[in-house]
Amino acid sequence: MYLFTLLGNLLIMTTIWREHSLHTPMYLFLCALSISEILFTVAVTPRMLGNMLSTHRSISFVACASQMFFSFTFGFTHSFLLMIMGYVAICHPLRYNVLMSTRDCARLVSWSWAGGSVMGMMLTLIVFHLTFCGSNKIHHFLCHVLSLLKLACGKETSSVTMGVILVCVTALMGCLFLIILSYVFIMASILRIPSAEGRHKTFSKCVSHLTIVIVHYGFASMIYLKPKGPRSMDSNTLMATTYTVFTPFLSPIIFSLRNKELKNAMKRTFHRTFCPSSS
């Protein structure tokens, strides 16, 4: 699954890079999403798999902080990119591929990466400025923020915990609100298309993005918004692990299966690379 996640996203990146017909804002955003998926997977999954398979499950303070920083950075960057992919359609629904330049697209992608990095650095510094005492055993497969906050002590621990959760939930719900708003505008534009075939063809282009949004925000909402219960620690661990592994794994499958243009471009890239004589 780990190798498939890397290869699937690398295939999407390579296809978009080599196919000039895909050098449009929509596919450049998709390429940026694949990059964030790869970096997130490389930063988090190998260590998590090593901890699952090893009997010596330990991690240094610096490595734990680095893992949390990259997890936050790539997670928020992914959310910002999904939001921007939907939000840019509000001004000119379904026409931003024509009206938006490559430079504008690169600028928005850069802002997404900058925003994700700032959020990751800020939250990591806040968490690791706390005092940790007592047990140093993290009830998780990785340095997840909620499991780590349970090891902190001191008067400011509860307020910092609430602050971190509030920041994550606010960013999550803010991005989701803008995505929902963008789809209201998109649906209004689709309904104005006279032919049923045209409406179906246009809506099918949005299905991949909408599916990724549901998967990404569905798992994230269950982690941060799920009410506490007697077995909340175990369920949070399972949910966070599922989110960490399956979201990057599903993204290339969803985009490649639901997008006919990308799927055909992948076939052409594969034939040119491995069967050059037959092309």
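Scope of the values below: all heavy atoms of this structure, side chains included, with no hydrogens, waters or symmetry mates.
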**Prompt:** Would you say L166 and L130 are hydrophobically clustered, going by side-chain heavy atoms of ILVMFWY under 4.5 Å?
**Reply:** no
**Backbone of E156 reached by a side-chain donor or acceptor of S159 within 3.5 Å** = yes
**Message:** Please give me the minimum heavy-atom distance between F70 and A43, naming the atom from each residue.
**Reply:** CB-CB, 3.7 Å
**Request:** Taking the side chain as every heavy atom from C-beta outward, state whether F128 and F69 have any atom pair closer than 4.5 Å.
**Result:** no
**Request:** To the nearest 0.5 Å, tell me how far S34 OG sits from L39 CG.
**Result:** 11.0 Å
**Passing candidate, side-chain contact (heavy atoms from CB on, under 4.5 Å) with M83, options S182, S112, C175** = C175
**Item:** Cluster overlap I179 with M173, hydrophobic side-chain contacts below 4.5 Å
**Value:** yes
**Message:** Counting C-beta onward and ignoring hydrogens, is there a side-chain heavy-atom pair between F80 and M119 closer than 4.5 Å?
**Reply:** yes
**Item:** Test item: F76 and L123 side chains (from C-beta on) under 4.5 Å apart, heavy atoms
**Value:** yes
**Prompt:** Would M85 end up clustered with I214 when hydrophobic side chains under 4.5 Å apart are linked, directly or stepwise?
**Reply:** yes
**Request:** Test side-chain contact (heavy atoms from CB on, under 4.5 Å) on T15 and L11 and set out the steps.
**Result:** CA-CA 6 Å; T15 301; L11 179 60; 3.9 Å; yes
**Note, V167 side chain near M162 side chain (heavy atom, < 4.5 Å)** = no
**Message:** Side-chain heavy atoms nearer than 4.5 Å, only ILVMFWY residues, links allowed to pass through others: does that put V184 and L178 together?
**Reply:** no
**Request:** Rounded to the nearest 0.5 Å, what's the gap from CG on L30 to CD on E37? Could you check?
**Result:** 10.0 Å
**Nearest heavy atoms of G120 and T73, plus distance in Å** = CA-OG1, 3.7 Å
**Prompt:** How far apart are the closest heavy atoms of G116 and T77, and which atoms are they?
**Reply:** CA-OG1, 3.5 Å
**Asked** Does the side chain of W113 come within less than 4.5 Å of I35's, by heavy atoms?
**Response** yes
**Prompt:** When you look at V109 and L28, which way does the side-chain contact (heavy atoms from CB on, under 4.5 Å) test go after all the steps?
**Reply:** CA-CA 9 Å; V109 170; L28 291 176; over 6 Å; no
**Request:** Quick one: pull up OG in S117 and CE in M121 and give me the separation to the nearest 0.5 Å.
**Result:** 8.0 Å
**Message:** In the structure I gave you, are the side-chain heavy atoms of L6 and V42 within less than 4.5 Å of one another anywhere?
**Reply:** yes
**Asked** Do W111 and V118 sit in the same hydrophobic cluster, where Ile, Leu, Val, Met, Phe, Trp and Tyr count as joined when their side-chain heavy atoms come under 4.5 Å apart?
**Response** no
**Item:** Main-chain N/O of L33 paired with S36 side-chain donor or acceptor, under 3.5 Å
**Value:** yes
**Heavy-atom side-chain contact between V213 and L176 under 4.5 Å** = yes
**Request:** Could you check if a side-chain atom of C31 sits within less than 4.5 angstrom of a side-chain atom of I12, using non-hydrogen atoms only?
**Result:** no
**Item:** Test log, rule side-chain contact (heavy atoms from CB on, under 4.5 Å), inputs H78 and I212
**Value:** CA-CA 10 Å; H78 194 84; I212 292 296; 4.2 Å; yes
**Request:** Give, for atom CD1 of I16 and atom CZ of F29, the distance between the pair rounded to the nearest 0.5 Å.
**Result:** 12.0 Å
